Amino acid sequence: MEPELSTHDISELRFLVQQGEPLPVRLGSCSLAGAVHLACSGWLWQQSRSPAFATFRGWLEDPRLALAWEALTSNRSAGVDYAAHAAEILTVTDEDSQARFANRFRKSLEEIGGFSASEARGLAGALQELADNVTQHSGPAVMAPASGVMAYEVSHERFTFAVGDIGRGALASLHDNPHWTALQSEEEALRAILEQNASRRRVGPGMGFRNAVRALADLGQLSVGSGDAYSDVVADARGRTGAAGRRAPLPGVQVALARP
């Protein structure tokens with residue numbers, strides 16, 4: 001399992017694509033989070049007819065990125081297989097599919113990763129909630145979600161999962177709720193979601209992002225991006241550290257959680 005890239009590393013990859021550069025050898029294979037971010041970027045470049053899309057297509061030689069792109073632009077459902085898998089990258093389609101996907105992640109954490117049943121349940125629940133956020137919040141209506149991708153990788157005592165979409169982003173979603181119409185930027189919207197459990201729903205707080213943060217437990221790395229804003233949280237034996245700021249604009253919301 002490749003080490004996760006920081007937000008700045010992923011931003012550098014996007015910059016290199018736009019400059020027409022090949023995938024840099026020094027970074028090795030795309031991480032899972034990098035693949036999801038770059039797949040969403042590829043959609044943007046394709047839609048805008050940017051020259052970067054031609055370079056991006058050359059980068060699809062990377063296996064993770066190719067799978068993320070296929071999942072984002074196709075309809076590769078989770079199916080009914082309940083066996084443990086070391087890695088999967090699939091399309092976000094419907095709640096039943098997401099539940100089966102989360103169940104396989106849970107089994108994989110227990111049988112491959114060696115995590116306890118309670119840890120596996122909590123992490124699988126966080127993954128399912130984040131995938132459900134795509135179907136429920138990425139579009140103007142639940143019946144019209146944006147395209148999205150969900151992915152995980154598990155090895156002994158390590159895991160990564162990532163969920164990304166190419167929808168309207170956190171700010172536009174929160175503006176559906178009159179309580180949050182004063183928010184002016186994606187950065188403010190992310191802060192409201194992560195710190196105040198903000199949600200587009202008018203009744204009850206948002207749970208998915210809060211649960212994902214809690215799932216970090218004593219060791220982990222959470223990266224959340226929406227539009228032109230990002231927020232990173234890293235937890236280790238010394239405590240938690242966070243960073244937030246601006247990134248190159250990217251449609252939708254992308255979330256990655258890792259225990260390296």
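Computed from a prediction, not measured in an experiment: that's the story for all the values here.
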**Prompt:** Charged N to carboxylate O below 4.0 Å: is that the case for R259 and E119?
**Reply:** yes

**Asked** With a 4.5 Å heavy-atom cut-off, do R168 and D176 have their side chains touching?
**Response** yes

**Prompt:** Just wondering, do L72 and I166 contact through their side chains at under 4.5 Å, heavy atoms?
**Reply:** yes

**Item:** Any donor-acceptor N/O pair, H37 side chain to L32 backbone, under 3.5 Å
**Value:** no

**Message:** I want to check something: taking the side chain as every heavy atom from C-beta on, are R247 and E187 in contact at a cut-off of under 4.5 Å?
**Reply:** no

**Message:** Counting C-beta onward and ignoring hydrogens, is there a side-chain heavy-atom pair between V92 and F101 closer than 4.5 Å?
**Reply:** no

**Request:** Report yes or no: do R106 and N103 form a side-chain donor-acceptor pair below 3.5 Å?
**Result:** yes

**Complete:** Scanning both residues in full, the closest heavy-atom pair of S116 with E110 reads O-CG, 4.3 Å

Return all side-chain donor-acceptor pairs below 3.5 angstrom for residues 44-54, not counting sequence neighbours, or 'none' if the list is empty.
residue : atom : partner : partner atom : Å
S48     : OG   : L44     : O            : 2.9
S48     : OG   : W45     : O            : 3.4
S50     : OG   : A52     : N            : 3.0

**Item:** E157: salt bridge (Lys or Arg N to Asp or Glu O under 4.0 Å) partners, not counting sequence neighbours
**Value:** none

**Message:** Quick one, F161 and L130 - any side-chain contact, counting heavy atoms below 4.5 Å?
**Reply:** yes

**Request:** Decide, yes or no, whether a salt bridge links R158 with E153 under the criterion of side-chain N to carboxylate O below 4.0 Å.
**Result:** no

**Message:** A side-chain contact here means heavy atoms from C-beta on lying under 4.5 Å apart; do L171 and W180 qualify?
**Reply:** no

**Request:** Check whether the side chains of T91 and T93 place a donor and an acceptor atom closer than 3.5 Å, and report yes or no.
**Result:** no

**Message:** For V17 versus F56, what's the shortest heavy-atom pair and its separation?
**Reply:** CG1-N, 3.9 Å

**Item:** V253 backbone acceptor or donor facing D165 side chain under 3.5 Å
**Value:** yes

**Message:** Suppose we screen for side-chain hydrogen bond (donor to acceptor under 3.5 Å, both in side chains). Which residues come up paired with R14, at least two apart in sequence or across chains?
**Reply:** S41

**Request:** Check the pair L222, D232 against side-chain contact (heavy atoms from CB on, under 4.5 Å), reporting the backbone distance first and the verdict last.
**Result:** CA-CA 6 Å; L222 176 71; D232 291 344; over 6 Å; no

**Asked** Listed by chain and number, what are the side-chain hydrogen bond (donor to acceptor under 3.5 Å, both in side chains) partners of Q128, not counting sequence neighbours?
**Response** none

**Criterion side-chain contact (heavy atoms from CB on, under 4.5 Å) on V163 and L127, from CA distance to verdict** = CA-CA 8 Å; V163 178; L127 172 60; 3.7 Å; yes

**Prompt:** Does the side chain of E95 reach to within under 4.5 Å of the side chain of D132, using non-hydrogen atoms?
**Reply:** yes

**Item:** All side-chain hydrogen bond (donor to acceptor under 3.5 Å, both in side chains) counterparts of H85, not counting sequence neighbours
**Value:** D81

**Message:** Between S226 and A170 (side chain of the first, backbone of the second, donor and acceptor by atom type, cut-off under 3.5 Å), is there such a pair?
**Reply:** yes

**Message:** Just to verify, what does S108 make a side-chain hydrogen bond (donor to acceptor under 3.5 Å, both in side chains) with, not counting sequence neighbours?
**Reply:** Y152

**Request:** Go through the steps for W59 and L13 under the test side-chain contact (heavy atoms from CB on, under 4.5 Å), then give the verdict.
**Result:** CA-CA 10 Å; W59 284 37; L13 289 178; 3.9 Å; yes

**Prompt:** Heavy-atom distance under 4.5 Å between the side chains of L257 and L123, does that happen here?
**Reply:** yes

**Asked** Step by step, would you call R100 with D94 a salt bridge (charged side-chain N to carboxylate O under 4.0 Å, His left out)?
**Response** CA-CA 10 Å; R100 292 193 294 270; D94 58 80; 5.0 Å; no

**Prompt:** Of all heavy-atom pairs between A192 and L174, which one has the smallest distance, and what is that distance?
**Reply:** CB-CD1, 4.4 Å

